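What follows is a single structure, written as structure tokens, with notes after it.
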Amino acid sequence: MSSQDLFTSSTGAAYAPLAERMRPRTLDEVVGQSHLLGPGKPLRVAFESGRPHSMIFWGPPGVGKTTLARLMAAGFDAQFLAMSAVLGGVKDIREAVVSAQVAQGQGRRTILFVDEVHRFNKAQQDAFLPYVESGLFTFIGATTENPSFEVNSALLSRARVYVLQSLSVDELQQLIDRAIIILNQDLPPGTDSSAADRGDDDTEANVLEFDPAARDQLARWADGDARRVINAMEVVAESAHGAGRHLVDAEWLETSLSQDLRRFDKGGDAFYDQISALHKSVRGSDPDAALYWFVRMLDGGADPRYLSRRLVRMAIEDIGLADPRATELALNGADIYERLGSPEGELALAQAVVYMACAAKSNAVYSAYNAARRYVEQNGSAPVPVHLRNAPTKLMKELGHGKAYRYAHDEPHGYAAGENYFPDGVRARFYTPTDRGLEGKISEKLAFLRDLDRQSKSS
């Protein structure tokens, strides 16, 4: 089998986009995702079982989500229907159902692929449920967002989630090698094809080559995204042929892709490394560094909505009750962005970044929450004390539910000193406020209330 047979898509069109010509036709041609596609690994087993199941592919852009869905359809000889949640709606879902019903009548399966499924609202996601349950089609969703938060629990419970990973530099270089093979099969306009057949030296000048430094730079620039590196290869090839150049070195590569190389980071820092740098700059109270990383990510194409969600998380995790206004500003920034869009709405997010970096810091609530979770996991469920139970019926009142409960508003200081709100035998302290910002006042109040508890026990 020739290299063109191996790497060219089934369309075989010589002038199809490079990404389409490089689309794998078998699992063995897929680059990356060895943790799912290697021998005995989950997706490999699913393919080899002959029994497709609904699934959700969760991973960053350009890691093969669409490709794997297409391969699954081909592997099961199923009709492949694709829709984008960005452009689609209930009408498209109805049309897909009709098409699947027709295929079912012909004895053929259907795989319905929904790209960016997280962008469908709850009602749209619910529309898939009866057809997934009936087996009319196998549902495959693709998302760059955590499906635990973005996909309805009912749909999520009927699909298996597979986490796809960014491609490594070595894997991206494999794609670069494949791209060079295909690009060099197309002689530039004006080249004598008979010379190519004879192997004349004139043809050698038209062969595209990348020196090792350029290959490494391009692979790192792509930041784990196969689509990005393939599209860049196509642009570079066109530029090189137009300039009459056959050797691409690192300097010329940077010139030909100067804007994108600036935007997507010369150093090859991973997307999640940059969000980590933003988070740590906010936590470290450095507004300038925080603003730098925020703008870097926007400039590199990060979705402002993703950044707004992360800002809310930072406000809750690292500022908390030391300054609750940080959470308000983060939420307000997200709302303002939805109203104004880019670029005006991004200023509200930048304001939240600067405020959060300058705000008093506390992870006391975050730590208390994690401690409480560990405690509950380790100690199981204890019954609610009788005096704290609800008593909406006569029988419950006769059983003593709510009896002897002390109404805090009727007590001095609005506090039932000495009262116990834990189950019997349970005593724990999870929350320890800091002395920073508003939490300093909270700490003082809790100390005052605990002193009242001690006084009530001694009286």
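All of these numbers come straight from a predicted model, not from anything done at the bench. Heavy-atom basis, side chains included; hydrogens, waters and symmetry copies ignored.
Under a cut-off of 6.0 angstrom, the local environment of CZ in Arg427 is crowded, with over 12 non-hydrogen atoms contributed by other residues, nucleotides or ligands.
Shown here for Leu37 and Arg44, the closest heavy-atom pair between the two residues is O-NE, 2.8 Å. The minimum heavy-atom distance between Pro304 and Leu349, with the atom names listed, is O-CD1, 3.8 Å. Across all their heavy atoms, Gly62 and Asp225 have their closest contact at CA-OD1, 3.1 Å.
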**Q.** salt bridge (Lys or Arg N to Asp or Glu O under 4.0 Å) assessment of Asp177 paired with Arg215
**A.** CA-CA 9 Å; Asp177 289 340; Arg215 284 162 43 87; 2.3 Å; yes
Q: Could you check Glu377 against Arg374 for salt bridge (Lys or Arg N to Asp or Glu O under 4.0 Å), going step by step and ending with a plain yes or no?
A: CA-CA 5 Å; Glu377 289 171 359; Arg374 287 193 297 270; over 6 Å; no
Q: Go through the steps to decide whether Asp126 and Lys122 satisfy the test salt bridge (Lys or Arg N to Asp or Glu O under 4.0 Å), and finish with yes or no.
A: CA-CA 6 Å; Asp126 284 345; Lys122 182 180 186 301; 2.9 Å; yes
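Using modelled atom types, one side-chain atom of Lys361 and one backbone atom of Ala357 make a donor-acceptor pair closer than 3.5 Å. Here the side chain of Asn332 pairs a donor or acceptor atom with the backbone of Glu328 at under 3.5 angstrom. Distance alone, capped at 3.5 Å, places no donor-acceptor pair between the Gln125 side chain and the Leu156 backbone. A distance-only check finds a donor-acceptor pair linking the side chain of Ser49 to the backbone of Ala46 [under 3.5 Å]. A donor-acceptor pair under 3.5 Å links the side-chain atoms of Ser308 to the main chain of Arg305, judged by distance alone. Judged purely by atom type and a 3.5 angstrom limit, Glu238 has no side-chain atom pairing as donor or acceptor with the backbone of Val235. Proximity of a side-chain donor or acceptor of Glu20 to a complementary backbone N or O of Pro17 within less than 3.5 Å is not detected. Side chain of Arg406 to backbone of Ala408: no donor-acceptor contact under 3.5 angstrom is found. Formation of a donor-acceptor pair under 3.5 Å by the Gln33 side chain with backbone atoms of Gln165 is found in this model.
Looking at Thr26 and Asp28, their side chains never bring a donor and an acceptor atom within 3.5 Å of each other. Under 3.5 Å, the side chains of Glu439 and Tyr431 contain a donor-acceptor pair of N or O atoms. A donor atom on one side chain and an acceptor atom on the other are not found under 3.5 Å apart for Tyr366 and Asp318. In this model, no donor atom of one side chain and acceptor atom of the other lie less than 3.5 Å apart for Gln174 and Asp170.
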